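First the structure, in the form of C-alpha cells, and then the observations on it.
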Amino acid sequence: KTMVKHVRSTFLLALVASIAAPTAVAAEWQLVEDSSTVRFIGVQEGSAFRGRFQNFSAMINFDPANPTNGKIVGVVSMDSAKTGDAERDATLLEEDWFNPENFPESRFESESIEVMDDGTYAAHGQLTIIGNSNPVTMTFEFETDGSAAKFSGSFDILRLDFAVGWDATNWIDDEVGVQVELDLQQ
C-alpha cells in the first residue's frame, strides 16, 4: 500500500512539475560571418543591379518548434555597401542617400513572428534607415541541422518611405529588394 502511495505521489509531483514548468524559450544562434550575406537589389536606369553590405550583425533567437517566442535583430553598417560600381558606391555614401556619417547603421528588429500556411515564417518588425522607421515584414525559411541552421529571408521596401535618395525615380527606382542569407551555429 505504501508503494502505491509512493508511485501516486511521484506521478502527481511529476505532473504538477510539468504543468508549472515555464514555456520553452527560443534558441539563440550565432552568426557565421564568412558564409552569410545581406544583399540589396535595385534598378538603375532600367537595369537591375545588386549590392551587398560587407559589415553586418544578427541576433537570431528562434526555435522552429516555438516560433512566436522568437526574436530577430539585424544591423548593417551603411558605409559597407558595395555594388561593384565605384561611382554608384560613392553616391550611396552621400548625404542624400545612406549618409553613414550621421546614420552609421540600419536596423531591423522583429516585434512578432508567425508561421505561414506554407510552413515558412514572417517576422513583423521595424526597419530603421537613416533615422526613419517603418513597419516591414520579412518572410523567411529556417532549416536546422543539429547545431547548425540556415536562415533565408527577404523583404521589399520603398526607399522613399525612408527618405533615402532623390525623390525622382527615373534614375533609381523606388522599390528595393533585400535578401538575407545567414549561416548560424549554436
Side-chain angles (χ1 to χ4, degrees), residues 24-44 48-83 92 97-100 103-145 147-165 169 172-186:
V25 295
E28 291 186 27
W29 296 90
Q30 304 302 315
L31 179 66
V32 179
E33 292 181 34
D34 293 344
S35 56
S36 298
T37 60
V38 176
R39 296 184 177 165
F40 55 94
I41 301 96
V43 175
Q44 179 180 358
F49 71 90
R50 293 183 176 274
R52 69 182 290 174
F53 292 99
Q54 294 181 319
N55 299 320
F56 58 90
S57 64
M59 188 282 297
I60 309 290
N61 193 349
F62 185 75
D63 179 357
N66 196 7
T68 58
N69 281 350
K71 181 81 170 171
I72 298 169
V73 177
V75 178
V76 298
S77 297
M78 298 303 280
D79 65 355
S80 73
K82 302 293 180 210
T83 66
L92 288 175
W97 291 84
F98 289 168
N99 193 5
F103 301 97
E105 297 178 338
S106 174
R107 177 184 182 93
F108 172 80
E109 185 165 351
S110 69
E111 297 169 334
S112 66
I113 298 175
E114 67 176 312
V115 181
M116 305 304 289
D117 291 339
D118 63 1
T120 61
Y121 305 94
H124 306 282
Q126 291 291 316
L127 177 64
T128 303
I129 304 174
I130 63 170
N132 298 302
S133 297
N134 284 298
V136 168
T137 297
M138 176 171 33
T139 57
F140 68 96
E141 295 178 3
F142 194 88
E143 299 174 10
T144 60
D145 184 10
S147 63
K150 179 78 172 170
F151 178 101
S152 181
S154 65
F155 57 89
D156 292 326
I157 63 165
L158 298 176
R159 64 177 178 81
L160 293 177
D161 287 350
F162 295 90
V164 173
T169 57
I172 300 277
D173 283 6
D174 192 14
E175 188 171 324
V176 177
V178 178
Q179 298 173 337
V180 181
E181 300 287 336
L182 306 178
D183 287 329
L184 307 166
Q185 65 185 13
Q186 286 187 311

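Please read these numbers as outputs of a predicted model, since none were measured by experiment.
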Hey, what do you get for [atom1] ([X]) to [atom2] ([Y]), rounding to the nearest 0.5 Å?
X: Gln185; Y: Asp145; atom1: CD; atom2: CG; answer: 13.0 Å
X: Arg39; Y: Thr83; atom1: CZ; atom2: OG1; answer: 13.0 Å
X: Glu105; Y: Asn55; atom1: CD; atom2: CG; answer: 10.5 Å
X: Leu160; Y: Asp174; atom1: CG; atom2: CG; answer: 4.0 Å
X: Leu184; Y: Ser147; atom1: CG; atom2: OG; answer: 11.0 Å
X: Ile41; Y: Arg50; atom1: CD1; atom2: CZ; answer: 4.5 Å

Any donor-acceptor N or O pair under 3.5 Å, side chains Gln179, Ser154: no
Given 3.5 Å as the limit, does a donor-acceptor pair link the side chain of [X] with the main chain of [Y], or not?
X: Arg52; Y: Ser80; result: no
X: Asp63; Y: Ala65; result: yes
X: Ser106; Y: Thr128; result: yes
X: Asp183; Y: Val32; result: no
X: Asn99; Y: Ile130; result: no

Check whether any side-chain heavy atom of [X] sits under 4.5 Å from a side-chain heavy atom of [Y], and report yes or no.
X: Val180; Y: Met138; result: yes
X: Leu92; Y: Phe40; result: yes
X: Phe56; Y: Ser36; result: yes
X: Glu181; Y: Lys150; result: yes
X: Asp79; Y: Pro104; result: no
X: Arg159; Y: Ile172; result: yes
X: Gln126; Y: Pro135; result: yes

Would you name the heavy atoms of [X] and [Y] that are closest together and state the gap between them?
X: Val76; Y: Phe53; answer: CB-CG, 3.9 Å
X: Ala123; Y: Ile72; answer: CB-CD1, 4.0 Å
X: Lys71; Y: Ser110; answer: NZ-O, 2.8 Å
X: Val136; Y: Phe108; answer: O-CE1, 3.8 Å
X: Phe98; Y: Ala81; answer: CE1-CB, 3.7 Å
X: Asn66; Y: Asn69; answer: ND2-ND2, 2.9 Å

Aromatic plane relationship, Phe151 with Phe140 - under 30° parallel, 30 to 60° tilted, over 60° perpendicular: parallel
From CA spacing to verdict: side-chain contact (heavy atoms from CB on, under 4.5 Å), Ile157, Asn134: CA-CA 9 Å; Ile157 63 165; Asn134 284 298; over 6 Å; no
Criterion side-chain contact (heavy atoms from CB on, under 4.5 Å) on Ile129 and Met78, from CA distance to verdict: CA-CA 9 Å; Ile129 304 174; Met78 298 303 280; 4.0 Å; yes
side-chain contact (heavy atoms from CB on, under 4.5 Å) between Val176 and Val164, worked out: CA-CA 11 Å; Val176 177; Val164 173; over 6 Å; no
Evaluation steps, side-chain contact (heavy atoms from CB on, under 4.5 Å), between Leu182 and Leu31: CA-CA 7 Å; Leu182 306 178; Leu31 179 66; 3.7 Å; yes
Ring center gap for Phe142 and Phe62 short of 6.0 angstrom: yes
Whether over 12 other heavy atoms sit under 6.0 Å from Glu33 CD: no
